[in-house]
Amino acid sequence: MSASRRHLEGLPLVRPTSPAWARVAAANLDALLADHAHCELKAASMALSLAGRHCDRADLVRRMTSLAHEELRHFERVRRLLAERGRGLPRMQADPYVVRLRQALRSGSDPLTGQLLACLFVEARSCERFRILAEERRVPPALRALYRELASAEARHHEVFLRLAVAETGEERARRLVEAAAEREAEIARELPVEPRMH
Ligand SMILES: [Fe+2]
Ligand SMILES: [Fe+2]
């Protein structure tokens, strides 16, 4: 199996990240880490927002609050890494991948399921990219170890959102929605410029 196919294993993604991305990311680690730190913070914030808006769903609230805790711990680790490299946290930038993904998945399903699918794909794409970085020789070994660990976390997180989507809409419909969403996600990922960002 090719490396790019291996990086997609167990994930719903249908197209691997462009090989050019690893080079750009490894050559701009400070920018990548800054974007990554914000992604962790946004993931925590999104999980809390879902829990707050759907507080009648006990399972969702439990899973989302636990996810928010974990994402905040990730944020703190990446923020500390940036500080060790003499970098502060720059202002948060818009994330066109997430914006476009959420827009694309909003239609054709109920709003909660659309949001769960968007989160599922953000986690899945992050997992693929952490796997790539974990094997990228131009990335320092200590950072590669962190990326390996985060790749496992993201694989787990994508399953959390999959389980919630199945609970929301049923196994068969969730499977069809994930398949359709995977095509849209691949288009969005392909159309975006290759930058030192997580998505
Ligand atoms: Fe995370
Ligand atoms: Fe995550």
Side-chain angles (χ1 to χ4, degrees), residues 7-13 17 21 25 29-54 59-85 87 89-90 92-93 95-102 105 112-136 139 142-168 178 181-182 185 188-189 196-199:
H7 294 148
L8 297 182
E9 232 182 321
L11 301 173
L13 306 173
T17 285
W21 178 80
L29 280 177
D30 286 331
L32 182 75
L33 284 165
D35 182 68
H36 175 186
H38 280 301
C39 287
E40 300 288 4
L41 204 52
K42 285 182 225 174
S45 154
M46 172 55 71
L48 289 180
S49 155
L50 279 169
R53 269 181 286 139
H54 303 282
D59 185 49
L60 182 147
V61 171
R62 190 177 53 78
R63 288 179 188 277
M64 289 299 99
T65 48
S66 150
L67 180 65
H69 276 292
E70 192 181 353
E71 303 290 23
L72 275 183
R73 287 195 297 273
H74 292 168
F75 166 72
E76 192 45 32
R77 285 175 75 179
V78 183
R79 192 199 58 76
R80 269 205 310 268
L81 258 174
L82 272 169
E84 283 163 19
R85 296 167 68 92
R87 303 279 166 173
L89 197 60
M92 193 181 283
Q93 287 182 349
D95 190 333
Y97 169 83
V98 174
V99 170
R100 289 188 57 187
L101 191 61
R102 291 189 68 185
L105 304 187
L112 174 56
T113 304
Q115 276 170 6
L116 294 171
L117 289 174
C119 292
L120 182 161
F121 277 93
V122 171
E123 300 284 357
R125 185 58 75 184
S126 304
C127 176
E128 185 227 9
R129 292 193 167 186
F130 285 138
R131 286 174 178 173
I132 293 170
L133 292 169
E135 291 181 4
E136 173 56 56
V139 170
L143 212 44
R144 285 167 63 183
L146 171 71
Y147 290 137
R148 201 166 304 122
E149 189 188 327
L150 293 179
S152 315
E154 302 298 50
R156 197 163 28 77
H157 296 170
H158 115 270
E159 280 170 15
V160 168
F161 286 107
L162 181 60
R163 237 171 271 143
L164 289 173
V166 166
E168 202 52 35
V178 168
E185 191 276 344
I188 293 167
R197 303 190 68 163
M198 277 316 299
H199 314 111

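Counting starts at 1 for both ligands and their atoms, in listed order. Remember, it's a predicted structure, so these values are computed and weren't measured experimentally.
With a 4.5 Å cut-off on side-chain heavy atoms, Leu164 and Leu112 do not count as touching.
In summary, Glu70 places no N/O/S atom under 2.8 Å from the Fe ion (ligand 2), failing the contact criterion. The Fe ion (ligand 2) has an N, O or S atom of Glu123 closer than 2.8 Å. In summary, no N, O or S atom of Glu154 is located under 2.8 Å from the Fe ion (ligand 1).
A salt bridge between Arg156 and Glu159 is absent, with no side-chain N of the basic residue lying under 4.0 Å from a carboxylate O of the acidic one. Salt bridge status for Glu76 with Arg79: present, with a side-chain N to carboxylate O gap under 4.0 Å.
In Arg144, the CZ atom is crowded: over 12 heavy atoms of neighbouring residues, nucleotides or ligands sit closer than 6.0 Å.
Of all N, O or S atoms in His74, the one lying closest to the Fe ion (ligand 1) is ND1. Taking the Fe ion (ligand 1) as reference, Glu40 places its N/O/S atom OE1 nearest. As for Glu71, its N/O/S atom nearest the Fe ion (ligand 2) is the one called OE2. Residue His157 approaches the Fe ion (ligand 2) most closely through its N/O/S atom ND1.
For Leu13 against Glu185, the heavy-atom pair with the smallest separation is CD2-OE1, 3.6 Å.
In this pair, His36 and Phe130 present their aromatic rings tilted. The plane angle is within the 30 to 60° band.
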